[in-house]
Amino acid sequence: MTLPNYEKLGVFYLGREFDLAADKLTDDIVLYDSKDLTTHAVCVGMTGSGKTGLCLSLLEEAAIDNIPVIAIDPKGDLGNLLLTFPGMTGEEFEPWVDAGEARRKGQTTAEFAKATAKKWKEGLAEWDQQPERVAMFRDSCDLAIYTPGSDAGLPISVVQSFAAPNEKILNDGDAFRDRVMSAVSSLLALLQIDADPISSREHILLSNILTVAWQQGRNMTIPEIIREIQQPPFQKVGFMDLDTFFPEKDRFGFAVKVNNLLASPGFASWMQGEPLNIERMLVTKSGKPRISIMSIAHLSDSERMFFVTILLNELLSWMRSQPGTTSLRAILYMDEVFGYFPPTANPPSKLPMLTMLKQARAYGVGIVLATQNPVDLDYKGLSNTGTWFLGRLQTERDKARVLDGLESVAGSTGTSFDRGEMGQILSGLGSRKFLLHNVHEDHPVVFQTRWALSYLRGPLTRQQISELMSERKAALPSPSKKSPASTHPAISTSVESMSVSLAPSISDSITQRYLAVAKPLPPHAKLIYQPGLLGMAKVHYVDSKADVDLWKEAALIVPEYFENTIDVWDECDIHWSPDLEFDSSADSVALYPEISQDLTKYNNFRSWRKQLRDYIYRDVTLPLWTSEDKKVYSTPKESESGFRLRVAQELRDLNDLEIEKLKAKYKSKFQTARDRVIRAEERVKKEEAQYKEQSYLSFVSIGQSILGALLGRKIASRTNVSKGATAMRSAGRVVKEKGEIETAKQKMEQEQEKLHQLEEEFDAEVDQLEKRINPEQLKLKSYPVRPRKSDINVADVALLWMPYARNETGSLEPLFSFATS
């Protein structure tokens with residue numbers, strides 16, 4: 001597919017200009033520079049204004065431009081992005097059309113689907129979009145619908161959401177306090193506790209608990225929060241004793257309320273699924289950009305607030321860990337922002353949203369907020385928002401509210417603002433007509449939105465979401481096959497027939513370690529210690545090419561002893577930067593299984609110590625990645641997908657710089673070439689009175705099509721985006737006269753050919769730019785860094801006792817956890 005120039009220059013195709021005075025759609029294509037979105041955007045329009053179609057088109061353009069998106073969907077409309085049918089056949093549309101609407105039209109579902117497919121194909125064609133562009137969108141990104149608190153779509157776990165934030169936030173006092181306050185507020189909102197951060201005992205207690213834990217680098221889970229509510233790691237709150245500030249009896253009641261939340265059947269779904277990892281939400285392992293749709297229509301108001309706040313905090317933490325950029329790195333889109341960013345109240349979601357609006361520009365994260373009612377938005381918070389898409393509004397009060405917001409933006413940016421003119425424009429907007437006010441452009445423009453590539457069938461039901469995600473869910477590992485403690489199969493074995501006894505006799509020369517019991521023993525269960533091997537080591541990785549000089553601590557655990565194995569460490573699980581808690585001795589009532597005699601011989605432990613050093617040297621490398629030309633290397637903390645995302649962003653920055661150079665290089669050249677063509681055409685017109693005005697106008701538009709693409713907002717003619725040379729050659733044949741007319745014709749054709757050559761030169765350079773920034777196409781190589789033997793310090797090899805609860809049926813449940821950072 002030959003792409004028009006705008007498809008290659010980092011601009012989004014939104015629609016065409018609309019002449020309100022003439023009530024007529026023009027041929028002027030409206031483009032939006034993707035970099036402008038780093039100053040954020042807001043879209044306002046009542047039901048039926050076309051707001052959803054515009055916003056989905058914006059996300060489609062971002063995907064085509066390899067820009068990932070996290071989209072919060074309170075209504076269920078955004079799943080329409082998955083309804084893309086390049087074949088444009090009735091069979092593709094039939095499962096998704098409304099059977100009830102088909103009956104109302106007197107058609108079968110198949111007939112209605114066929115008519116809908118025809119309508120979509122014709123609609124796309126009217127806006128110069130072919131089915132190939134639908135395929136391009138679908139192939140450009142990975143699309144996924146997540147349903148927190150439900151298994152309708154892809155489940156997502158929020159257990160890790162109380163993990164300690166990264167170092168940048170820990171070292172930033174304001175950012176750290178904001179993170180603590182919003183995390184506590186979101187949890188209390190889920191508990192339906194209306195807690196003021198200053199006066200609420202619950203809020204202050206939880207804030208202190210998280211502050212202490214996170215400053216110590218400890219990750220917190222809800223069970224650990226429940227335990228520390230009852231026994232906080234401090235004795236004073238401010239200047240008051242803990243029991244005076246929050247008596248033990250009251251703390252227990254508060255802990256019970258949190259525990260009831262954890263124990264409720266509905267909360268179990270919040271603990272399942274893949275972790276809420278922003279990097280994985282933005283890009284696949286292979287580097288393909290993603291549109292991750294967070295569907296929350298099924299949740300209660302308190303659950304929505306909890307999840308949105310958690311998501312915003314995670315995105316904020318990820319954002320602050322990224323290097324700065326002036327290009328668009330990712331988009332956060334929220335549909336129907338009502339209640340999450342109000343002008344007066346302060347829900348938990350408002351603080352992280354406001355922080356992102358203030359800081360995200362420096363990291364290349366664009367925020368797009370949409371709402372039906374202008375009164376839903378805090379316009380003071382949006383005073384620095386650079387782009388406003390304004391559609392049809394419901395009341396004069398709504399219009400006044402929008403004008404107030406625009407006036408505030410104009411005041412903060414120092415731009416001129418004509419309130420009367422804006423008000424008149426807003427009053428004349430109809431369906432799919434929007435006023436685009438962009439502070440990066442000289443003046444606002446009214447346009448009609450293009451036809452969406454996706455089939456806009458309306459909100460999806462949970463069953464429809466389940467159907468769309470069925471293949472993805474089938475590929476997920478079953479929760480029943482996972483152990484909460486380890487991936488090793490020995491963890492969850494039954495011991496119904498296991499012979500148990502008191503502690504075996506072990507030589508004092510063998511070090512024994514007892515993992516701390518981290519969970520209460522269930523009723524009617526017995527405490528049993530299972531044996532394993534523990535190796536503690538410190539490894540130094542050094543590589544000058546990758547600029548790595550790193551010490552890493554590791555705990556290598558073999559959950560059980562495997563006899564007749566050449567190297568027992570081949571069966572180990574590695575836990576990096578472990579925070580293991582040990583008890584000084586075993587519980588006196590604990591039972592033990594029979595253990596291999598090999599685990600009672602000191603010489604074996606000496607051999608295993610030597611084998612551990614050899615194993616680490618041989619198999620425990622630091623996994624890094626490098627580009628094919630080895631010009632850039634990943635950092636030790638980067639995954640493959642994260643490395644691809646970073647390199648792609650660096651290429652995008654370079655690409656944007658080259659585009660700016662390209663604009664500067666060709667702007668004057670095209671202007672000069674166009675002016676020469678126009679003068680030559682005028683000469684021909686003088687010599688030939690019958691020269692066709694239509695042909696003349698086609699020549700004038702040629703240079704403008706290229707110039708428009710370079711300048712960003714619009715292209716003059718939809719029919720001359722990439723076919724200028726054909727128009728020039730055909731128009732040149734109009735002149736048939738001899739003599740002076742022939743001379744003028746030859747001069748005009750010479751100027752046309754120069755413009756044609758300039759266009760080809762321009763296209764060649766654009767083609768080179770286009771190939772750079774798709775992260776999935778980056779050719780990477782694995783680059784493992786191996787430690788030197790002298791840089792491996794084995795601290796200890798011990799007999800490890802791991803506590804389990806054995807229930808009445810004989811199955812085991814681990815009572816320990818491995819906390820790593």
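The figures here come from the full heavy-atom set of this structure, side chains too, leaving out hydrogens, waters and symmetry mates.
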J.: Between Val647 and Ser627, is the side-chain contact (heavy atoms from CB on, under 4.5 Å) condition met? List the steps.
T.: CA-CA 9 Å; Val647 175; Ser627 56; 5.9 Å; no
J.: Does Asp547, at its CG atom, have more than 12 non-hydrogen atoms belonging to other residues, nucleotides or ligands within less than 6.0 Å?
T.: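 It does not: Asp547 CG has 12 such atoms or fewer within range.
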J.: Has the side chain of Ser186 got a donor or acceptor atom that lies under 3.5 Å from a matching backbone atom of Phe306?
T.: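 Not at all, since once roles are kept as given, no pair shorter than 3.5 Å links the two residues.
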J.: Side chains of His298 and Thr147: donor-acceptor distance under 3.5 Å anywhere?
T.: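 No.
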J.: Tell me whether Asp614 is salt-bridged to Arg609, with the criterion being a basic N under 4.0 Å from an acidic carboxylate O.
T.: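 Judged by the 4.0 Å cut-off on N to carboxylate O distance, Asp614 and Arg609 do not form a salt bridge.
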J.: Working to the nearest 0.5 Å, report the span between CD1 of Ile595 and OG1 of Thr600.
T.: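 That separation rounds to 6.0 Å.
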J.: Between Asp241 (side chain only) and Thr244 (backbone N and O only), is there a donor and an acceptor less than 3.5 Å apart?
T.: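 Between the backbone of Thr244 and the side chain of Asp241 there is no qualifying donor-acceptor contact (under 3.5 Å).
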J.: Are more than 12 heavy atoms from other residues, nucleotides or ligands located less than 6.0 Å from atom CZ of Arg606?
T.: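 Atom CZ in Arg606 is not packed in, count stays at 12 or less.
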J.: Report the distance from atom CG of Leu190 to atom CD1 of Ile222, rounding to the nearest 0.5 Å.
T.: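 The CD1 atom of Ile222 is 7.5 Å from CG of Leu190, to the nearest 0.5 Å.
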J.: To the closest 0.5 Å, what do you measure between CE (Met319) and CG (Leu312)?
T.: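 The CG atom of Leu312 is 10.5 Å from CE of Met319, to the nearest 0.5 Å.
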J.: For Gln231, I'd like to know if atom CD has over 12 heavy atoms of other residues, nucleotides or ligands within 6.0 Å.
T.: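 Count not over threshold, so no.
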J.: Hey, what do you get for CD (Glu274) to OH (Tyr146), rounding to the nearest 0.5 Å?
T.: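 Rounded to the nearest 0.5 Å, the CD-OH separation comes to 3.5 Å.
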J.: Between Asp250 and Arg201, does any side-chain N to carboxylate O distance fall below 4.0 Å?
T.: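 Arg201 and Asp250: salt-bridged.
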J.: Check this for me: Asp508, atom CG, are more than 12 non-hydrogen atoms of other residues, nucleotides or ligands nearer than 6.0 Å?
T.: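 No.
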J.: Test your reading of the model: is there a side-chain donor-acceptor pair from Ser150 to the backbone of Ala152, 3.5 Å cut-off?
T.: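 Flag set: sc Ser150 to bb Ala152 pair under 3.5 Å.
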J.: Using the six-membered ring wherever Trp is involved, compare the ring planes of Tyr592 and Trp801 and label them parallel, tilted or perpendicular (cut-offs 30° and 60°).
T.: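 Perpendicular, since the angle between the ring planes exceeds 60°.
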J.: For Leu299, does its backbone N or O pair with a side-chain atom of Arg304 as donor and acceptor, under 3.5 Å?
T.: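 Yes: the side chain of Arg304 pairs with the backbone of Leu299.
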J.: Verify, without hydrogens or angle tests, whether Arg786 (side chain) and Arg618 (backbone) share a donor-acceptor contact under 3.5 angstrom.
T.: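 It does hold such a pair.
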J.: Kindly state whether the ring of Tyr633 and the ring of Tyr783 have centres lying under 6.0 angstrom apart.
T.: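 Ring centroids of Tyr633 and Tyr783 are less than 6.0 Å from each other.
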J.: I'd like to know if Arg513 pairs up with Asp796 as an ion pair, taking the criterion as any Lys NZ or Arg NE/NH1/NH2 lying under 4.0 Å from an Asp or Glu carboxylate oxygen.
T.: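 Answer for the salt bridge query: yes.
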J.: Are Arg320 and Asp172 close enough for a salt bridge, meaning some N to O gap below 4.0 Å?
T.: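 The answer is no: the pair does not qualify as a salt bridge.
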J.: Apply side-chain contact (heavy atoms from CB on, under 4.5 Å) to residues Gln215 and Phe176 and explain how you reach the verdict.
T.: CA-CA 10 Å; Gln215 287 177 341; Phe176 181 74; 3.9 Å; yes
J.: Locate the shortest heavy-atom distance separating Ile792 from Val539; write the atom from each residue and the value.
T.: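 Nearest heavy atoms, Ile792 then Val539: CG1-CG1, 4.4 Å.
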J.: How long is the straight-line distance from CG of Leu780 back to OG1 of Thr626, given to the nearest 0.5 Å?
T.: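 Rounded to the nearest 0.5 Å, the OG1-CG separation comes out at 8.0 Å.
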J.: Considering only NZ, NE, NH1 and NH2 on the basic side and carboxylate oxygens on the acidic side, decide whether Lys473 and Asp151 come within less than 4.0 Å.
T.: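 Not counted as a salt bridge, because no side-chain N and carboxylate O are separated by less than 4.0 Å.
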J.: Does the Glu571 side chain pair with the main chain of Val568, one donor and one acceptor, at a distance under 3.5 Å?
T.: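 Side chain of Glu571 to backbone of Val568: no pair is present.
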J.: Take a 6.0 Å sphere around NZ of Lys168 and say whether it holds more than 12 heavy atoms from other residues, nucleotides or ligands.
T.: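 Count over threshold, so yes.
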J.: Taking the six-membered ring where the residue is Trp, are the ring centres of Tyr541 and Trp551 under 6.0 Å apart?
T.: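 Centroid separation for Tyr541 and Trp551: 6.0 Å or greater.
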J.: Looking only at the side chains, is there a donor atom on one of His540 and Asn793 sitting less than 3.5 Å from an acceptor on the other?
T.: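 No, because no side-chain N or O of His540 sits under 3.5 Å from a partner of the opposite role on Asn793.
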J.: Give the minimum heavy-atom separation between Glu553 and Lys538, together with the two atoms involved.
T.: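 Where Glu553 meets Lys538 most closely, the heavy atoms are CG-CG, 4.0 Å.
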J.: Identify whether the distance between the nearest side-chain nitrogen and carboxylate oxygen of Glu314 and Arg179 falls below 4.0 Å.
T.: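 Salt bridge: yes.
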J.: Starting from the C-alpha separation in whole Å, work towards a yes-or-no answer on ring-ring contact (aromatic ring centres under 6.0 Å, His included) for Phe582 and Tyr514.
T.: CA-CA 5 Å; Phe582 296 102; Tyr514 299 88; 9.2 Å; no
J.: Considering all heavy atoms of both residues, which atom of Trp608 and which atom of Asp598 are nearest to each other, and what is their separation?
T.: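 That closest heavy-atom pairing would be CH2-O, 3.6 Å.
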J.: Looking only at heavy atoms, what is the nearest atom pair of Ser182 and Pro352, with distance?
T.: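 For Ser182 versus Pro352, the nearest heavy atoms are CB-CD, 4.1 Å.
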J.: Is it the case that more than 12 heavy atoms not belonging to Phe252 sit under 6.0 Å from its CZ atom?
T.: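 At most 12 heavy atoms, drawn from other residues, nucleotides or ligands, come within 6.0 Å of this atom.
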J.: Is the count of non-hydrogen atoms from other residues, nucleotides or ligands lying under 6.0 Å from Lys526 atom NZ greater than 12?
T.: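 No, NZ of Lys526 has 12 or fewer neighbouring heavy atoms, counting only those of other groups under 6.0 Å.
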J.: May I ask you to decide if Lys545's main-chain N or O and Asp543's side chain share a donor-acceptor pair within less than 3.5 Å?
T.: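 Yes, Asp543 side chain to Lys545 backbone: donor-acceptor pair under 3.5 Å.
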J.: Is it the case that over 12 heavy atoms from other parts of the model lie below 6.0 angstrom from the CD atom of Gln230?
T.: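 Enclosed: over 12 neighbouring heavy atoms sit under 6.0 Å from CD of Gln230.
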J.: Do side-chain atoms of Thr511 reach the backbone of Ala798 as a donor and acceptor pair under 3.5 angstrom?
T.: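 No, the answer is negative, given that no donor and acceptor are paired below the 3.5 Å cut-off.
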J.: Could you state the interatomic distance from CD1 (Ile229) to CZ (Arg251), rounded to the nearest 0.5 Å?
T.: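 Rounded to the nearest 0.5 Å, the CD1-CZ separation comes to 10.0 Å.
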J.: Using the ring centroid of each side chain, check whether Trp214 and Phe162 are separated by less than 6.0 Å.
T.: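 Between Phe162 and Trp214, which both carry aromatic rings, the centre distance is not below 6.0 Å.
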J.: Please give me the minimum heavy-atom distance between Met294 and Met281, naming the atom from each residue.
T.: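 Closest approach of Met294 to Met281, heavy atoms only: CE-SD, 3.2 Å.
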J.: Any donor-acceptor pair under 3.5 Å linking the side chain of Asn313 with the backbone of Thr309?
T.: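 Checking the backbone N and O of Thr309 against the side chain of Asn313, a donor-acceptor pair under 3.5 Å is found.
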J.: Would you call Arg646 and Glu638 a salt bridge, using N to O less than 4.0 angstrom?
T.: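 Salt bridge: yes.
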J.: Do Glu279 and Ser641 have side-chain N/O donor and acceptor atoms under 3.5 Å apart?
T.: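 The answer is yes; a qualifying pair exists.
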J.: Quick check: does any side chain N or O of Asp791 sit under 3.5 Å from a backbone N or O of Pro787, one acting as donor and the other as acceptor?
T.: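 No; judged by distance alone, with no hydrogens or angles, the pair does not exist.
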J.: Please report the closest heavy-atom contact between Met220 and Glu224, naming both atoms and the distance.
T.: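 For Met220 and Glu224, the tightest heavy-atom pair comes out as CA-OE1, 3.4 Å.
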J.: Is it true that Asp142 and Thr284 share a donor-acceptor pair across their side chains at a distance under 3.5 Å?
T.: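 Judged by distance alone, the side chains do not pair up.
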